[in-house]
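Counting convention: from 1, in listed order, for ligands and their atoms alike.
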Amino acid sequence: MPLKFDPKNDPFREEREAMVRYQIEARGIKDPRVLEAMRKVPRHLFVPLEYREFSYEDRPLPIGEGQTISQPYIIALMTQALDLKGDEKVLEVGTGSGYQAAILGELAKEVFSIELEKSLAERAKKLLEQLGYDNIHVIVGDGFFGLSEEAPFDRIIITCAAPRIPEPLIDQLKDGGRMVLPLGEMPYHQDLILVKKKGKELEVEDLGGVVFVPMRGVIQKRRS
Ligand code: SAH
């Protein structure tokens, strides 16, 4: 696979290093594998050209279709909470730019990422292929339903805000597995939740307030 990105000739290398040091490490992210992945993945290639110069700033950025690529720190926080060792099968809901998927692709064995918006899915798929990520599979669809044909998953990450945990995703999470998602009804504030599945029980931990775009599709129509 021709690698479009040459790390030796990267005008953003220093900015990316500063992002990791001052936005991520300084705020307490410690998992060395997460830090390494964020130093490696060229975030600017996932940001549309008109915003590229802001790629390494401490904020989310528009990626088209009214959607956003998340703030670097939040991506690091969610990824660290997944506690990836390298042999996991991971499901992501909300591919968006594909940046979070690339980080997961660095840290897990196999990644399945579902995106509702066809144009975003196609763009992300192409870029991830160009970068050589043959362990990441982008699928167009409503992530509420997960991907039963690939289940169970060791880890699930949802990158759009849901009013409740989608039931099919609880079923598709392996016993002992972890799921991270922004949970909340309100459009501009949710809580980042870490869910650990222990048999029939779900152990839930609140990781703090976040702001994500809402999950669309069937969950908006089904209230319970
Ligand atoms: N992880 C992304 C950020 C995505 S923003 C990144 O790294 O860039 C949230 C994404 O979730 C948007 O692209 C949006 O279109 C998508 N989305 C919203 N509802 C969805 C659903 N029901 N199923 C799959 N994707 C959904």
Yes or no: does [X] have any heavy atom under 4.0 Å from an atom of ligand 1?
X	value
Glu92	yes
Gly217	no
Thr95	yes
Gly141	yes

Cluster question for you: counting only ILVMFWY and a side-chain heavy-atom cut-off of under 4.5 Å, with indirect links fine, are Leu116 and Ile139 together?
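Hydrophobic grouping puts Leu116 apart from Ile139.
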Can you tell me if Thr79 and Gln100 form a side-chain donor-acceptor pair at under 3.5 Å?
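Present: a donor and an acceptor within the cut-off.
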For residues Glu92 and Ser113, is any side-chain donor paired with an opposing acceptor at under 3.5 Å?
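On atom types as modelled, these side chains qualify, holding a pair under 3.5 Å.
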What protein heavy atom sits nearest [atom], and how far away is it?
atom	result
atom 17 (N) of ligand 1	Cys160 SG, 3.8 Å
atom 3 (C) of ligand 1	Thr68 O, 3.3 Å
atom 8 (O) of ligand 1	Ser97 OG, 2.6 Å
atom 19 (N) of ligand 1	Arg216 N, 2.9 Å
atom 24 (C) of ligand 1	Leu116 N, 3.4 Å
atom 13 (O) of ligand 1	Glu115 OE1, 2.8 Å
atom 9 (C) of ligand 1	Thr159 O, 3.3 Å

Qualifying residue for side-chain hydrogen bond (donor to acceptor under 3.5 Å, both in side chains) with Arg21, from Glu17, Glu25, Gln23
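The single option meeting the side-chain hydrogen bond (donor to acceptor under 3.5 Å, both in side chains) with Arg21 is Glu17.
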Just which atoms of ligand 1 are under 4.0 Å from any heavy atom in [X]?
X	result
Ile114	24 (C), 25 (N)
Met215	19 (N), 22 (N)
Gln67	12 (C), 13 (O), 14 (C), 15 (O)
Asp142	21 (C), 22 (N), 23 (N)
Ile69	8 (O)
Leu120	13 (O)

With respect to [X], determine whether any N or O atom, backbone or side chain, lies less than 3.5 Å from an N or O atom of ligand 1.
X	value
Val213	no
Gly94	yes
Gln100	yes
Gly143	yes

Report yes if the side chains of Ser119 and Glu65 come closer than 4.5 Å at any heavy-atom pair, otherwise no.
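A side-chain contact under 4.5 Å exists here.
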Can you find a pair of side-chain heavy atoms, one from Gln80 and one from Lys30, that are under 4.5 Å apart?
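Result yes, sub-4.5 Å side-chain heavy-atom pair found.
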Are more than 12 heavy atoms from other residues, nucleotides or ligands located less than 6.0 Å from atom CD of Glu14?
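Counting neighbours around CD of Glu14, 12 or fewer heavy atoms of other residues, nucleotides or ligands fall under 6.0 Å, so no.
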Closest non-hydrogen atom pair between Arg16 and Arg39, with its separation
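Here Arg16 and Arg39 meet closest at NE-O, 2.9 Å.
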Using the ring of Phe54 (Phe, Tyr or Trp, six-membered ring only), decide whether Arg59 places NZ or CZ under 6.0 Å from its centre and within 45 degrees of its axis.
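Ring-cation test returns yes.
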Would you give the length of the straight line joining atom OH of Tyr73 to atom CE of Met19, rounded to the nearest 0.5 angstrom?
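Here the rounded value is 13.5 Å.
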Assign the ring pair His44 / Phe5 to parallel, tilted or perpendicular, where the plane angle (0 to 90°) is split at 30° and 60°.
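Rings of His44 and Phe5: perpendicular, as their planes differ by over 60°.
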For Arg178, run the side-chain contact (heavy atoms from CB on, under 4.5 Å) check against Leu173, Asp154, Leu194 and tell me which one passes.
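Output: one option passes, namely Leu194.
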Main-chain N/O of Gly199 paired with Asp175 side-chain donor or acceptor, under 3.5 Å:
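Yes, because the side chain of Asp175 sits within donor-acceptor range (under 3.5 Å) of the backbone of Gly199.
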